[in-house]
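Side chains included, hydrogens not; waters and symmetry mates left out as well; all remaining heavy atoms used.
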Amino acid sequence: MEIGVVRPQATLALHQSPFPNFYYSNYSNLSIRNRKNGVFKIAAKASDFNQQDDHPLFQSALSHASYRFQETLRPDPLFVDPYAGCFVPSNVDLDKYLDQNLQKHYCVGTRFIDDQLLSATKGVDGAKQVVLFTDGMDTRAYRLNWPSSTVIYDVSPQMVFKKASQQLKDVGAKVPRGCLLLHVPSESSDMQQLLRDKGFNGSRPSIWVFQGFPVTDLAGLKEILFMVSNLAMKGCLFVCEFPIWLAETQVEIKPTVEKWVDELFMSFGFQVRIKRYDDVARNLGQQHIVGDSDTLLFVAEHLRFSEDEMEIWRREFQRIDEDGDEDGFEEL
């Protein structure tokens, strides 16, 4: 199934988002103009993604981009994603192919994750390392107001990210001044080492996000949790939209899914706090969300020291021990 949107025939007015300040204009595929009285106007043009991009990874990413674009076009959107429209094809009716229930849950989860990211990175002591496990078409690096010196690592499929990056470049999308976006291919045989090679420092604060990432089985998820547990400092947050089907392959009774997720994450040093979509929506002033979600939304706090922190402690204890020997406090 190909998912897309019909190109708007007229420019649509949007209420101001609480996140970015948009000043871009006169792009070939996207323009935002007439910033006046807190209202933005968006015009979206069809993307050059075509029927050849029928790989499941592309289709999944396109469906998420379509959800964000549809949300952006609402009179009172939860968030504004001015770049989602450059991804989705224009030859299929949006309302006909998008699952409205899944779209509502996804957009509430997206806004919640946005808020968590902005809160965790603000201020002098905020996390300046952001690791996003995505589908390759995530636009947070471009649409959120990141503090200066923030480094965003996008872990996603190489083929999707490469094409999406070209689309974003074509419409003039840029990360905020003083920030850096780095890609880590999810196909890498050693993502942990690749993150380190690209500058990730486990002795500095970070925040991790998992949304839309194409994990295929439980073993793959455990590899990710093992990597994050090794790299994330104690106290760092892992904000996650967990695909419930992974848990349902392990448990028979649905009410036990949350307990299973809690035990799984705790085995890697994470304490999980479940967030109900209904509660999040209510706090955002939204109506009750009808129907079940195919994901579980939660925030997990890391309770263990990272490998880098442990190495710092090891060196410090070694230094103290050596200083003690030099001062004559040798063990008898």
Side-chain angles (χ1 to χ4, degrees), residues 1-8 12 14-15 17 19-20 29-30 42 44 46-47 49 53 55-117 132-144 154 156-157 160-161 163-164 167-168 171 173 209-214 239-245 275 277-278 280-281 284 286-297:
M1 178 181 68
E2 188 173 23
I3 298 175
V5 301
V6 177
R7 179 184 174 183
L12 300 175
L14 297 176
H15 292 285
S17 165
F19 309 124
N29 284 355
L30 177 75
I42 285 182
S47 90
F49 286 98
D53 299 318
H55 192 283
L57 292 178
F58 274 104
Q59 292 304 303
S60 177
L62 284 171
S63 69
H64 294 151
S66 297
Y67 291 161
R68 297 195 304 274
F69 188 46
Q70 187 179 53
E71 180 67 25
T72 296
L73 298 180
R74 290 178 59 238
D76 189 16
L78 287 169
F79 56 85
V80 171
D81 186 343
Y83 307 115
C86 77
F87 297 140
V88 293
S90 62
N91 58 335
V92 177
D93 188 340
L94 184 68
D95 293 330
K96 181 178 179 181
Y97 286 97
L98 293 186
D99 186 313
Q100 297 300 313
N101 177 54
L102 295 182
Q103 189 252 351
K104 290 179 181 178
H105 284 87
Y106 173 82
C107 289
V108 167
T110 297
R111 171 59 189 271
F112 175 79
I113 293 172
D114 287 352
D115 288 345
Q116 292 291 312
L117 284 167
L132 307 175
F133 291 91
T134 79
D135 55 28
M137 292 186 190
D138 190 282
T139 59
R140 288 187 172 96
Y142 306 93
R143 66 179 178 82
L144 295 186
D154 187 307
S156 60
V160 181
F161 182 87
K163 191 159 190 178
Q167 287 292 106
L168 290 164
V171 300
V209 165
F210 186 103
Q211 186 187 37
F213 185 79
V239 190
C240 185
E241 262 200 334
F242 182 87
I244 290 178
W245 69 264
K275 301 295 180 180
Y277 283 95
D278 257 359
V280 175
L284 295 172
Q286 301 295 300
Q287 296 180 349
H288 171 71
I289 301 180
V290 179
D292 295 330
S293 173
D294 62 353
T295 55
L296 190 67
L297 183 65

In sequence, state the C-alpha distance, the side-chain angles, and the governing distance for Asp294 and Ile244, and then conclude on side-chain contact (heavy atoms from CB on, under 4.5 Å). CA-CA 6 Å; Asp294 62 353; Ile244 290 178; 5.7 Å; no
side-chain hydrogen bond (donor to acceptor under 3.5 Å, both in side chains), that's the test. Do Tyr277 and Glu241 meet it? Break it down for me. CA-CA 11 Å; Tyr277 283 95; Glu241 262 200 334; 2.6 Å; yes
Measuring only between side-chain heavy atoms, which start at C-beta, is [X] closer than 4.5 Å to [Y]?
X	Y	result
Leu102	Tyr67	yes
Phe210	Pro243	yes
Tyr142	Leu168	yes
Arg68	Phe87	yes
Thr295	Tyr106	no
Leu78	Val108	yes
Pro77	Thr72	no

How close do [X] and [Y] get, heavy atom to heavy atom, and via which atoms?
X	Y	result
Gly136	Pro157	N-CD, 4.4 Å
Ala84	Phe69	CB-N, 3.7 Å
Cys107	Phe79	O-CE2, 3.5 Å

Regarding Glu71 and Arg74, does a basic nitrogen lie under 4.0 Å from an acidic carboxylate oxygen?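 Yes.
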Looking at Asp154 and Arg140, is any side-chain nitrogen of the basic one under 4.0 Å from a carboxylate oxygen of the acidic one? no
If you measure only the distance, is there a donor-acceptor pair under 3.5 Å linking the side chains of Gln211 and Thr110? yes
Partners meeting side-chain hydrogen bond (donor to acceptor under 3.5 Å, both in side chains) with Asp278 (sequence neighbours left out): His288
Determine, stepwise, if the pair Leu117 / Val239 fulfils side-chain contact (heavy atoms from CB on, under 4.5 Å). CA-CA 9 Å; Leu117 284 167; Val239 190; over 6 Å; no
Among residues at least two apart in sequence or on other chains, which ones pass side-chain contact (heavy atoms from CB on, under 4.5 Å) with Asp135?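 For Asp135, the residues satisfying side-chain contact (heavy atoms from CB on, under 4.5 Å) (neighbours in sequence not counted) are Ala61, His64, Met137.
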Give, for atom CD1 of Ile113 and atom SG of Cys240, the distance between the pair rounded to the nearest 0.5 Å.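 So the gap between those two atoms works out to 8.0 Å.
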Begin with the C-alpha distance, continue with both residues' side-chain angles, and end with the deciding distance and a verdict on side-chain contact (heavy atoms from CB on, under 4.5 Å) for Phe213 and Thr134. CA-CA 4 Å; Phe213 185 79; Thr134 79; 5.9 Å; no
Say whether, by atom type as modelled, one donor and one acceptor occur between the side chain of Ser63 and the main chain of Ser60 under 3.5 angstrom.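 A pair under 3.5 Å: yes.
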